[in-house]
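These notes are about the structure you will find just below.
Keep in mind that this is a model prediction, so the values were computed, not measured.
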Amino acid sequence: MESVDGAVRTLPSIGRLSRGLPFGRPHGQFGLSPSGRLLPPALRSQENADPRRTAFLLHKQWTLYSVTPLYRFSNTRLRDYARLLSAFIAAEKQKGLAVEIGVELDIKVAVSSIPDLKGSDQDQAAILVQLSLRSPASSKNSEEKLIWLGWFCCVSGDDLSENVPEDFTCLPLFLANGAESYTSIVGSWFQKTFDCCFRRLAISPLNLSWMAAMWTGCKVDKTASAMELVFSVPHLPQPLDISYAIHPEDAKALWDTVQKTPGEITQEEVDVFMDCLYSHFHRHFKIHLSATKLVKVSTAVASAHCDGIIKVRF
């Protein structure tokens, strides 16, 4: 394929681009830094962020991947990357035959930076990749249909980039929305071009409980839907899930009694919050939820599944 430096112009098929297991089974746990410290379970927008620049996050289901550092990635070459990725996608559609760079393609690729999305001021700005479809028969000014979205982001720059050489860019979390075939093609191009590796990312019960506490503490409309926790019961011949719904005002009132410092969350507070919910459930149904596995959290703010699927509602 054409490298970033333009050395070669032959695009091989996707089958020859695997490094490790790029899009296989869930690997690793969401929210843990190399040092083992729990990271913020979700990104936050900066106070001066433009809501229009982050609106693409809402009301979509995102699949999570972990990404190793990108070698020689540059924020000044995003247009070049879009052009090269567009050619790579076109070549895949033509079963590996090379195409001329810069020709008009059915699928338009856009790569852009979103400085508003980062975990802290030290983190790298998020990188958004968009694929849009335009009918070859339509005019150049016709409306394009967005068919796939993916974005790279960083949630703990201090921890993750501590020992990373200058030539590497740390954007360890990738979220994709759209057909898996496009996720595979885009991921393969990034792996080949920047010598990185993608893996499906699981969300541990510990981090799901953090999400439940964090999202419960957010101010929402009084008509908001209930908070729902789904637990999987282990060691049974047939799968069995337990759904536990809590009125949002009751959940918020409980969290307010647990949280000591507004705006901050500790592991102790999360444990107390969940233990109170478990005790209430046991008092009514005589079932110890602590013996089960938390697999899904759903609130008016967002939802998350242990398989690495999240959805932000507002």
Side-chain angles (χ1 to χ4, degrees), residues 1-17 22-23 50-65 67 70 72-117 124-153 169 171 173-194 196 198 312:
M1 67 174 293
E2 179 181 355
S3 69
V4 175
D5 296 322
V8 184
R9 292 183 178 271
T10 301
L11 294 165
S13 66
I14 195 170
R16 297 201 293 268
L17 295 179
F23 296 99
D50 184 350
R52 292 172 297 182
R53 289 177 59 85
T54 58
F56 73 90
L57 286 169
L58 306 180
H59 311 298
K60 295 181 179 68
Q61 181 170 286
W62 300 96
T63 302
L64 304 179
Y65 296 84
V67 187
L70 283 66
R72 299 187 69 180
F73 178 88
S74 172
N75 278 294
T76 63
R77 303 205 60 190
L78 299 185
R79 288 188 178 182
D80 291 338
Y81 300 155
R83 181 173 56 90
L84 295 170
L85 177 55
S86 178
F88 180 73
I89 294 172
E92 287 303 315
K93 292 177 62 179
Q94 299 178 26
K95 300 186 184 301
L97 298 178
V99 296
E100 182 181 353
I101 305 298
V103 299
E104 194 68 33
L105 305 174
D106 296 342
I107 295 179
K108 179 181 178 181
V109 178
V111 181
S112 57
S113 175
I114 309 180
D116 296 338
L117 284 175
Q124 295 280 343
I127 299 296
L128 176 64
V129 182
Q130 302 175 83
L131 304 186
S132 301
L133 184 64
R134 180 172 57 208
S135 172
S138 62
S139 65
K140 290 186 178 181
N141 296 325
S142 64
E143 184 176 351
E144 297 165 351
K145 179 182 178 182
L146 188 64
I147 58 173
W148 185 90
L149 283 170
W151 54 295
F152 296 85
C153 59
T169 299
L171 291 166
L173 188 61
F174 180 71
L175 299 88
N177 170 262
E180 289 187 9
S181 58
Y182 287 122
T183 303
S184 181
I185 291 174
V186 172
S188 294
W189 182 82
F190 272 91
Q191 288 180 136
K192 182 66 175 179
T193 305
F194 302 107
C196 60
F198 286 65
V312 182

Using the six-membered ring wherever Trp is involved, compare the ring planes of F198 and Y65 and label them parallel, tilted or perpendicular (cut-offs 30° and 60°).
perpendicular
Separation between CG of L117 and CD of Q124, rounded to the nearest 0.5 Å
14.0 Å
Which of F152, F194, F88 passes ring pair (Phe, Tyr, Trp, His ring centres under 6.0 Å) with Y81? It is F194
Minimum heavy-atom distance between L57 and W62, given as atom pair plus value
O-NE1, 3.1 Å
Would you compute the distance between atom CG of L131 and atom CD1 of I107 and round it to the nearest 0.5 angstrom?
6.5 Å
Check whether more than 12 heavy atoms from other residues, nucleotides or ligands sit under 6.0 Å from atom NZ of K145, and answer yes or no.
no
Results of side chain to side chain donor-acceptor pair (under 3.5 Å) for W148 - residues two or more places apart only:
T183
Checking L84 against T193 for the side-chain contact (heavy atoms from CB on, under 4.5 Å) test, could you report, in this order, the C-alpha distance in whole Å, the side-chain angles of both residues, the deciding distance, and whether it holds?
CA-CA 10 Å; L84 295 170; T193 305; 5.8 Å; no
In short, N177 meets Q61 closest at the heavy-atom pair ND2-O, 2.9 Å
Value for OH (Y182) from CD1 (I147), rounded to nearest 0.5 Å, stands at 3.5 Å
Evaluate the side-chain contact (heavy atoms from CB on, under 4.5 Å) criterion for residues V129 and F190: first the C-alpha distance (whole Å), next the side-chain angles of each, then the deciding distance (0.1 Å), finally the verdict.
CA-CA 11 Å; V129 182; F190 272 91; 4.1 Å; yes
Could you walk me through whether E180 and T63 pass the side-chain contact (heavy atoms from CB on, under 4.5 Å) check?
CA-CA 10 Å; E180 289 187 9; T63 302; over 6 Å; no
Sequence neighbours left out, what passes side chain to side chain contact (heavy atoms under 4.5 Å, CB included) with L146? Give chain and number order.
Q130, S132, L149
Do you know which two heavy atoms are closest between N75 and L78, and how far apart they sit?
O-CG, 3.3 Å
Sequence neighbours left out, what passes side chain to side chain donor-acceptor pair (under 3.5 Å) with S113? Give chain and number order.
none
Value for CH2 (W151) from CD1 (I127), rounded to nearest 0.5 Å, stands at 12.0 Å
Using every non-hydrogen atom in the two residues, find where C153 and A126 come nearest and quote the distance to one decimal.
CB-CB, 4.2 Å
Is S188 reaching over with its side chain to a backbone N or O of S184, donor-acceptor style, under 3.5 angstrom?
yes
